[in-house]
Structures are given as C-alpha cells and as structure tokens.
S.K.: 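Before anything else, here's the structure in question.
Keep in mind that what you see is a predicted model, and the values were worked out from it rather than measured. Residue indices begin at 1 and follow the sequence shown.
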Amino acid sequence: MEPESILDFRTENEDILAARARSVTRENQIQLAIVLVGSENPKEVEEGAAILEEIVKDTIHSEDSRVCVHYLALAHARLQNYDKSVRLLDALLRTEPSNMQATELRRVVEKKMKREGLLGLGLLGGAAVLIGGIVIASFALKK
C-alpha cells in the first residue's frame, strides 16, 4: 500500500451491510468498526470510531487493543482529527516501538497535517490579499 493510500482505505456498502448483519460478538464488533472506518460517509467513520473506543476501554487482550487503537487512529486521521490520531499512535508506539504500521501511519498523518496546515495558511493569505484588493479598489473608486 502506498503511504498516502493508507488514509484512502475504502469499504463498499455491501461490506458494511454484511458486517452489520453478523451476530454481536467482540470479534464481529471489531470487524464492523473496521469496515465502518473505511466508509465514505463521515458519520459511519465516526460510528466505527465510537465502537473502537468502547472496545479499547473494555479490552485486556493486547492484540485486540493494538488493532483497535490502530484503526481508531486511522479513523481520526480520516476525520481530519490529526492531533488525536497522532496521540493514539504515540501511545501505541510507546508500547510497541517497532510497530511499522503505526510508524508509517504516523508519518502519513504528520505529512497530511503539514500539507493541510500550509494549505490553510495559503488560503488565509489568499483571502487576506483578496480582501485587501477589494478595500484598495473601493478607496480608488471613491476618489
């Protein structure tokens, strides 16, 4: 998987419906949450994140917890909650410093944060130039 495509994780609607139809077991809840995290619909991504948060609170089994934290961080990144995503990944990396998936996801999230931060600054600067141009034009027209 290409680094940027980590955040482009997508799930088909049929997969979501199939996951919702399964019996309610811990494993099926984790699978449902993961499928929801891959949804195009932000509300479903949020639902998946909420399920994962509940599972993480109640989990003692380290493998389930690791998987849930990873997908929870992915969900927050997909929802553009980059700070929360990085915090989750940092917590995961404190317990598993050699986790390459978490390391790569953290790198991608940081890259996205920087890009969107610069884009935000560029848009803000562009808006300031536009407003300044309008103000100058209005003064010029009044003379």
S.K.: Do Val67 and Leu52 have side chains that approach each other closer than 4.5 Å (heavy atoms only, starting at C-beta)?
M.R.: no

S.K.: For Glu44 and Val37: C-alpha separation, side-chain torsions, deciding distance, then whether side chain to side chain contact (heavy atoms under 4.5 Å, CB included) applies.
M.R.: CA-CA 7 Å; Glu44 289 179 333; Val37 166; over 6 Å; no

S.K.: What closest approach, in Å, do Ser85 and Ala73 show between heavy atoms, and which atom pair accounts for it?
M.R.: OG-O, 2.8 Å

S.K.: Could you state the interatomic distance from CD (Gln101) to CG (Leu74), rounded to the nearest 0.5 Å?
M.R.: 10.5 Å

S.K.: In the single-linkage hydrophobic clustering (I, L, V, M, F, W, Y; side-chain heavy atoms under 4.5 Å), do Val56 and Leu89 co-cluster?
M.R.: yes

S.K.: Are Asp64 and Glu27 packed together at the side-chain level, in the sense that at least one heavy-atom pair is separated by less than 4.5 angstrom?
M.R.: no

S.K.: Do Val86 and His76 touch side chain to side chain, with heavy atoms closer than 4.5 Å?
M.R.: no

S.K.: Please determine whether a side-chain nitrogen of the Lys or Arg among Arg107 and Glu110 lies less than 4.0 Å from a carboxylate oxygen of the Asp or Glu.
M.R.: no

S.K.: Determine whether Arg106 and Leu92 make a side-chain contact, defined as any pair of heavy atoms from C-beta on separated by less than 4.5 Å.
M.R.: no

S.K.: Any link between Tyr71 and Leu32 through a network of hydrophobic side chains (Ile, Leu, Val, Met, Phe, Trp, Tyr) touching at under 4.5 Å?
M.R.: yes

S.K.: Would you confirm whether Asn81, through its side chain, and Lys84, through its main-chain N or O, come within 3.5 Å as a donor-acceptor pair?
M.R.: no

S.K.: So, taking the atom named CD1 in Ile51 and the one named CD in Glu54, what distance separates them when rounded to the nearest 0.5 Å?
M.R.: 9.5 Å

S.K.: Which value, rounded to the nearest 0.5 Å, describes the distance between Arg26 atom CZ and Asn28 atom CG?
M.R.: 12.0 Å

S.K.: Examine Ile30 and Leu72 and state if one hydrophobic cluster contains both, with Ile, Leu, Val, Met, Phe, Trp and Tyr joined whenever side-chain heavy atoms are less than 4.5 Å apart.
M.R.: yes

S.K.: Exactly one of Ile34, Asp58, Ile55, Leu88 should register a side-chain contact (heavy atoms from CB on, under 4.5 Å) with Cys68. Which one does?
M.R.: Ile55

S.K.: Check the pair Tyr82, Lys112 against side chain to side chain contact (heavy atoms under 4.5 Å, CB included), reporting the backbone distance first and the verdict last.
M.R.: CA-CA 8 Å; Tyr82 300 124; Lys112 208 60 166 153; 3.3 Å; yes

